[in-house]
Amino acid sequence: MIDMVQEENQRLKQELTALRQMIIRVAPGVMYDGRFDQMIASPITTLDVACELLGEMAQSRPFKN
């Protein structure tokens, strides 16, 4: 059971790292406005930053039907 939890924890860490890297590629400004530091200090903040960026993108690029 402990091995399964450790494996899942490792998988989630890898996914957060990949998401953080994608955020930096899409919005390099996060490196300078403090959000990168927040993502490093609290990895779950990576999800908040990703949601924020998706919201900004949705507002700036209306969806086509």
Side-chain angles (χ1 to χ4, degrees):
M1 179 69 170
I2 292 174
D3 288 339
M4 287 176 34
V5 172
Q6 288 175 337
E7 287 176 16
E8 181 68 7
N9 190 26
Q10 185 62 31
R11 185 185 67 78
L12 291 172
K13 284 181 182 182
Q14 290 171 343
E15 288 185 19
L16 283 172
T17 298
L19 180 58
R20 191 178 306 118
Q21 291 170 349
M22 182 62 67
I23 289 170
I24 292 168
R25 275 183 266 171
V26 171
V30 300
M31 296 291 290
Y32 307 105
D33 64 10
R35 291 183 285 181
F36 179 76
D37 294 332
Q38 292 172 351
M39 289 189 294
I40 296 301
S42 175
I44 197 70
T45 304
T46 303
L47 296 175
D48 296 333
V49 172
C51 289
E52 180 183 315
L53 291 172
L54 286 171
E56 290 173 7
M57 290 173 67
Q59 289 177 355
S60 67
R61 299 179 192 159
F63 294 105
K64 295 179 182 179
N65 289 337

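Remember, it's a predicted structure, so these values are computed and weren't measured experimentally.
Remark: E52 CD to T45 OG1 distance equals 11.0 Å, nearest 0.5 Å. In this structure, D37 CG and M31 CE are separated by 8.5 Å, a value rounded to the nearest 0.5 Å.
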Under 3.5 Å, which donor-acceptor pairs link side chains of residues 15-22 to any protein atom two or more places apart or in another chain?
from, atom 1, to, atom 2, distance (Å)
E15, OE2, R11, NH1, 2.2
T17, OG1, K13, O, 2.9

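Using a distance-only test at 3.5 Å, with no hydrogens or angles considered, no donor-acceptor pair links the side chain of S42 to the main chain of M39.
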Practice item. Would you check, one step at a time, whether the test side chain to side chain contact (heavy atoms under 4.5 Å, CB included) holds for E8 with M4? Key: CA-CA 6 Å; E8 181 68 7; M4 287 176 34; over 6 Å; no
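Note on V30 and L47: same hydrophobic cluster, where clusters join Ile, Leu, Val, Met, Phe, Trp and Tyr whose side-chain heavy atoms are under 4.5 Å apart, directly or indirectly. Under a hydrophobic clustering in which Ile, Leu, Val, Met, Phe, Trp and Tyr are joined whenever their side-chain heavy atoms come within less than 4.5 Å, directly or via other members, V5 and L12 fall into different clusters. Two different hydrophobic clusters hold Y32 and V26 under the rule that ILVMFWY side chains link at heavy-atom gaps under 4.5 Å. Under a hydrophobic clustering in which Ile, Leu, Val, Met, Phe, Trp and Tyr are joined whenever their side-chain heavy atoms come within less than 4.5 Å, directly or via other members, L54 and I24 fall into different clusters.
Residues L53 and R35 have side chains in contact (heavy-atom distance under 4.5 Å, counting atoms from C-beta outward).
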